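The analysis underlying the following values was restricted to heavy atoms, covering all of them including side chains, and did not include hydrogens, waters or symmetry mates. Fair warning: this is a prediction, and the values are worked out from it, not measured in the lab.
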Amino acid sequence: MKPHTKATTLHAQPSDNFADKLAATQAQLKAAAGEFQPLKQASSLGAEDVVITHIINQLALDIPVFVLETGALHSDTLALLERLQANSRAPIQIYKPQHEAVIAFVKHPGQQAIFESMANRKACCGIRKLEPLGRALQSQKAWITGLRREQSQARAEVSAQENDMTNGVPIVKLNPLVDWT
């Protein structure tokens, strides 16, 4: 590798087993669309989730996509969301936090409180992410994420299919990119 090779150049070529990984992901998504209805894909609009949405659209699967619009997304992310809504075959659903809860949190303990303590960070996450996630997954049999084992040590043991709990309700969590690098 040259010392100044750009990451985009370095990673522009597929890995040796890419075709096998893609075929396995396509097969898992096709099977999920038939086995688990209702079913949704969670998208953070990150690279992994965009790949999954692309495959869902490419295969014309009946799998809607949802995005948690926390009220704190960057302008580039919001622009990507608009492009996705304009160009996706799969319906894109937007879930936002309850406005009153956000206003109450901003009022006290304050907008910057997430930097002051873990308790404040968790409270904010509960308002901006977990509550809307619970609504997004209400009545679903399964959901799809972009988790990959190599993302972190905490995700090293992630399986392609897991039993999950959302708001105390069991739900199947599918991770079709679990083996991707």
Practice prompt. May I have the step-by-step check of side-chain contact (heavy atoms from CB on, under 4.5 Å) for Val67 and Leu45, ending in yes or no?
Written response: CA-CA 8 Å; Val67 175; Leu45 302 169; 4.2 Å; yes
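- A distance of 13.0 Å separates CD1 in Ile92 from CZ in Arg83, rounded to the nearest 0.5 Å.
- Nearest heavy-atom pair, Ile56 versus Ala90, reported as atom, atom and distance to 0.1 Å: CG2-CB, 4.1 Å.
- In this structure, Ile55 CD1 and Gln28 CD are separated by 10.5 Å, a value rounded to the nearest 0.5 Å.
- Across Gln41 and Thr53, no two heavy atoms sit closer than the pair OE1-OG1, 2.7 Å.
- With rounding to the nearest 0.5 Å, the separation of CZ in Arg149 from OG in Ser159 is 6.0 Å.
- Checked by atom type and distance alone, the side chain of Gln151 never pairs as donor or acceptor with a backbone atom of Leu147 at under 3.5 Å.
- Thr70 and Pro97 get closest at one heavy-atom pair: O-CG, 3.6 Å.
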Worksheet item: Given Ile144 and Leu29, is the side-chain contact (heavy atoms from CB on, under 4.5 Å) satisfied, shown in steps?
Response: CA-CA 9 Å; Ile144 299 167; Leu29 290 171; 3.6 Å; yes
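- Side-chain contact of Lys40 with Gln93: a donor-acceptor pair under 3.5 Å is present, judged by distance alone.
- A side-chain donor-acceptor contact under 3.5 Å links Gln140 to the backbone of Leu39.
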Worksheet item: After noting the C-alpha distance and the side-chain angles of Ser43 and Phe66, does the key distance pass the side-chain contact (heavy atoms from CB on, under 4.5 Å) rule?
Response: CA-CA 6 Å; Ser43 178; Phe66 74 89; over 6 Å; no
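- Taking the side chain as every heavy atom from C-beta outward, Arg155 and Arg148 never approach each other to under 4.5 Å.
- For the pair Lys173 (side chain) and Gln161 (backbone), a donor-acceptor distance under 3.5 Å is absent.
- Atoms CD1 and CD, from Ile63 and Gln37 in turn, are 7.0 Å apart once rounded to the nearest 0.5 Å.
- If you take CD1 on Ile171 and CD on Gln138, they are separated by 10.5 Å, rounding to the nearest 0.5 Å.
- The shortest side-chain heavy-atom distance between Gln58 and Gln26 falls under the 4.5 Å cut-off.
- Ile114 and Cys124 make their closest contact through CG2-CB, 3.4 Å (heavy atoms, listed as atom of the first residue, atom of the second, distance).
- Not a single donor-acceptor pair under 3.5 Å links the side chain of Asn163 to the backbone N or O of Val172.
- The backbone N or O of Asn120 lies less than 3.5 Å from a partner atom in the side chain of Ser117, making a donor-acceptor pair.
- Note that CD of Glu69 and NZ of Lys129 are 12.0 Å apart. Values are rounded to the nearest 0.5 Å.
- Transitive grouping of hydrophobic side chains (ILVMFWY, heavy atoms separated by less than 4.5 Å) keeps Tyr95 and Val169 in distinct clusters.
- Transitive grouping of hydrophobic side chains (ILVMFWY, heavy atoms separated by less than 4.5 Å) brings Leu59 and Val51 into a common cluster.
- Under 3.5 Å, the side chains of Ser15 and Trp180 contain no donor-acceptor pair of N or O atoms.
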Worksheet entry | Criterion side-chain contact (heavy atoms from CB on, under 4.5 Å) on Ile94 and Leu81, from CA distance to verdict | CA-CA 9 Å; Ile94 310 298; Leu81 176 56; 3.5 Å; yes
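- In this structure a side-chain-to-backbone donor-acceptor pair under 3.5 Å is missing from Thr77 to Leu73.
- The nearest pair of heavy atoms linking Leu174 to Ala32 is CD1-CB, 3.4 Å.
- For the pair Arg135 (side chain) and Lys96 (backbone), a donor-acceptor distance under 3.5 Å is present.
- Inter-residue side-chain proximity for Pro91 and Val65 is flagged as unmet; no heavy-atom pair is nearer than 4.5 Å.
- Arg128 and Val106 make their closest contact through NH2-CG2, 4.1 Å (heavy atoms, listed as atom of the first residue, atom of the second, distance).
- For Phe36 and Trp143, the ring centers sit 6.0 Å or farther from each other.
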